[in-house]
Visitor: 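The structure is given below, and queries will be raised subsequently.
Here is how names work: the chains are called A, B, and so on, in the same order as the sequence lines, proteins then strands, and each is numbered from 1.
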Number of protein chains: 2
Amino acid sequence: MSYSVGQVAHVAGVTVRTLHHYDEIGLLVPSERSHAGHRCYSDADLDRLQQVLFYRELGFPLDEVAVVLDDPDADPRAHLRRQHRLLTARIEKLQKMAAAVEHAMEARRMGINLTPEEKFEVFGDKDPEQYAEEAEQRWGNTEAYAESQRRTASYTKDDWKRMQDEVADWGARYDALMTAGESPDGERAMAMAEEHRQHITTWFYECTYEIHRGLGEMYVSDERFKAFYDSMRPGLAEHLRGAIAANASRHEG
Amino acid sequence: MSYSVGQVAHVAGVTVRTLHHYDEIGLLVPSERSHAGHRCYSDADLDRLQQVLFYRELGFPLDEVAVVLDDPDADPRAHLRRQHRLLTARIEKLQKMAAAVEHAMEARRMGINLTPEEKFEVFGDKDPEQYAEEAEQRWGNTEAYAESQRRTASYTKDDWKRMQDEVADWGARYDALMTAGESPDGERAMAMAEEHRQHITTWFYECTYEIHRGLGEMYVSDERFKAFYDSMRPGLAEHLRGAIAANASRHEG
DNA sequence: ACTTGCACCTCACGTCGCGTGAGGGCCCAG
DNA sequence: CTGGGCCCTCACGCGACGTGAGGTGCAAGT
């Protein structure tokens, strides 16, 4: 029961050259060679290959992979545990990136512009506060942006305007709704929340209820978003958050 | 308001050399040069850099990044949408990998061994059925494995045995529980489910209630896992699934 | 018996995305 | 006028393979 390079390459989804390479650098040396000098991979070799590919997938350089795999006091259980940790960490990171993208989309939708630092927060590889002071010096005051940013905001023309109109119309109706004393978890408020979600979905991206709920929270936690909504009517951000949450609950549950 | 290479490198979390490289290959050419020949990056350049880094992060080769960014009929909205799609796809893939790792852990825990194909399913980059017939020829019948696999299963010795004993003990008590006619959502069954979860957590990895629920489903859907549990007592797999679900519900909600 | 074909082998050079100096210029502080 | 700091342009190196080029072992068709 041993497999040739071609067979291994096939099931593992790698090229033959890759297997040759791993042999060359000693990362995965087939446990046997046939009479004709052909590489013969055992089941144990396949197991090792699987581990190699796993760590490679997560961005480990091959020499480090060799180190972790050849560590004598790491049994298979330890590897599985480690892999599970790495995966969940990775997933979390991507979810943060996704949240950042949603954040950026919302910023566009409202014509709010982000500072350079915020734009790169997606890749959150540094302490955001650490360089805060330094950034002030480097980048000057925020007003400088407000202008330069407002220009860049205009790079979609017609439909950008149309979309803004939709938002304004929605805002006016939400204002009226609040004047009428409607509760956030009332039918009409939820309908407005749903319309809000639809607006995002049609103009930007598929906004799930889960995402929508996250946005609702952001509208009160992020000052600029709060300011944007409260400019339509004081307290609207807070009210909307409730409506979004109520609307999400009834659709999810 | 323009930034030097050093400043840009700092906020973006890349090296100066990287920026030089992107300039060389025409991927990100700073919109201006200072009197002394120094690169001056504008806000728009920063935006572009952010996009570049984003697609790079997701594994795009730089020339393809150039293509998507220079596509004239792709406005910023389209990019954000695309990025969101890519991220969610990526997250899903990682979650499947995590599920596969959990699957592998369960297989180890029970001494069930997987076929080579199954081991590489983690990287699910091919249609599993497409090569099914071919695989039969290549790998021979499953009985051949059953043996060769059983050997490899022995590569943790002492504590592997101890763990097996724990499982056996638990099985005997679950058997008794069923003989007593306990319901899956009864207190005692839930306690056994919780013990089951704890067993996994102490021996393998942090088994959340969500993961546990997934395992419960697998115990009835995957033949070998079902066979393993039903070998303790017929119908145990099904009963356990219910107990796990009930136990998860009371802890989550 | 012969060749055709396939899957394997070993060099060995090419590519991509940078890392890492080497050698030099601009400008401000001491 | 001499450092020190940040910038510049070559230009070679490296990791993880891709991509032929040229040769071997073996089963199947003519």
Visitor: Mind telling me whether A:Phe225 and A:Tyr219 have parallel, tilted or perpendicular rings, with 30° and 60° as the class edges?
Guide: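 Answer is tilted, since the angle falls between 30° and 60°.
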
Visitor: Let me know the distance between CD1 of B:Ile25 and P of C:dT15, rounded to the nearest Å.
Guide: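 Atom CD1 in B:Ile25 sits about 15 Å away from atom P in C:dT15.
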
Visitor: C:dT10, D:dT9, D:dT19: which one has an atom nearest the side-chain heavy atoms of B:Arg39?
Guide: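 Selected nucleotide: D:dT9.
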
Visitor: Reading DNA chain C from 5' onward, which residue's closest nucleotide shows up sooner: A:Glu24 or B:His38?
Guide: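 Comparing both residues, the 5'-ward one is A:Glu24.
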
Visitor: Nearest to the side chain of A:Leu62 - C:dC18, C:dC26, D:dC17?
Guide: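 Within the option list, the nearest is D:dC17.
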
Visitor: Over how many whole Å does the gap from B:Gln7 atom CD to D:dC7 atom C1' extend?
Guide: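 Value for this atom pair: 12 Å.
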
Visitor: Answer yes or no: is there a side-chain heavy-atom contact under 4.5 Å between B:Val67 and B:Asp71?
Guide: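 B:Val67 does not reach B:Asp71 side chain to side chain.
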
Visitor: Rounded to whole Å, how long is the line connecting atom CG of A:Asp23 with atom P of D:dC17?
Guide: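 Answer to the nearest Å: 14 Å.
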
Visitor: In whole angstrom, give the distance that lies between atom CG of B:Leu28 and atom P of C:dC18.
Guide: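 Rounded to the whole Å, the gap is 12 Å.
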
Visitor: Quick one: A:Leu19 CG to D:dA16 C1', roughly how many Å, whole number?
Guide: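 It is 13 Å, rounded to the nearest whole Å.
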
Visitor: Kindly assign one of parallel, tilted or perpendicular to the pair A:Tyr55 and A:Phe60, based on the angle between their ring planes and the thresholds 30° and 60°.
Guide: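 Judged by the thresholds at 30° and 60°, the geometry between A:Tyr55 and A:Phe60 is perpendicular.
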
Visitor: Please state whether the phosphate of C:dG19, meaning OP1 or OP2, lies under 4.0 angstrom from any side-chain nitrogen or oxygen of B:Thr18.
Guide: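 Answer is yes, contact under 4.0 Å.
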
Visitor: Rounded to whole Å, please give me the gap between CD in A:Glu64 and C1' in D:dG15.
Guide: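 Spelled out: CD on A:Glu64 to C1' on D:dG15 is 12 Å.
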
Visitor: Answer with base, sugar-phosphate or nothing: what part of the nucleic acid does A:Ser34 contact at a heavy-atom distance below 4.0 Å?
Guide: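 The answer is nothing, as A:Ser34 stays clear of every strand by at least 4.0 Å.
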
Visitor: Any salt bridge linking B:Arg56 with B:Glu64? Criterion: basic side-chain nitrogen under 4.0 Å from a carboxylate oxygen.
Guide: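 Salt bridge between B:Arg56 and B:Glu64, a charged N being under 4.0 Å from a carboxylate O: no.
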
Visitor: Distance check: side-chain N/O of A:His20 vs OP1/OP2 of C:dC9, anything under 4.0 Å?
Guide: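 Yes, A:His20 has a side-chain N/O under 4.0 Å of OP1/OP2 on C:dC9.
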
Visitor: What contact category does A:His35 fall into here, base, sugar-phosphate, or nothing, at under 4.0 angstrom with non-hydrogen atoms?
Guide: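 Answer is sugar-phosphate: A:His35 comes under 4.0 Å of backbone atoms only.
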
Visitor: Among C:dG17, D:dC17, C:dC8, find the nucleotide with the atom closest to the side chain of B:His21.
Guide: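 Nearest nucleotide to the side chain: C:dG17.
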
Visitor: Side chain of A:Asp45, backbone of A:Ser31: donor and acceptor closer than 3.5 Å?
Guide: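 Indeed, once roles are kept as given, a pair shorter than 3.5 Å links the two residues.
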
Visitor: Does C:dA7 have OP1 or OP2 sitting under 4.0 Å from an N or O in the side chain of A:Ser4?
Guide: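 So the side-chain polar atoms of A:Ser4 never come under 4.0 Å of the phosphate oxygens OP1 or OP2 of C:dA7.
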
Visitor: Does B:Thr15 have a side-chain nitrogen or oxygen under 4.0 Å from the phosphate oxygens OP1 or OP2 of C:dG19?
Guide: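 For B:Thr15, the contact criterion (side-chain N or O under 4.0 Å from OP1 or OP2 of C:dG19) is met.
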
Visitor: In whole angstroms, how far is the C1' atom of C:dC16 from the OH atom of B:Tyr22?
Guide: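 Rounded to whole Å, this separation is 11 Å.
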
Visitor: Check the distance between C:dC18's P and B:Glu57's CD and give it to me in whole angstrom.
Guide: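 Whole-Å distance recorded here is 11 Å.
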
Visitor: Can you identify which nucleotide, out of C:dT10, D:dT19, D:dA16, has its nearest atom closest to the A:Arg33 side chain?
Guide: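 The nucleotide sitting nearest to the side chain is C:dT10.
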
Visitor: Between C:dC18, C:dC9, D:dA16, spot the one nearest the side chain of B:Arg17, thanks.
Guide: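 The closest nucleotide is C:dC18.
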
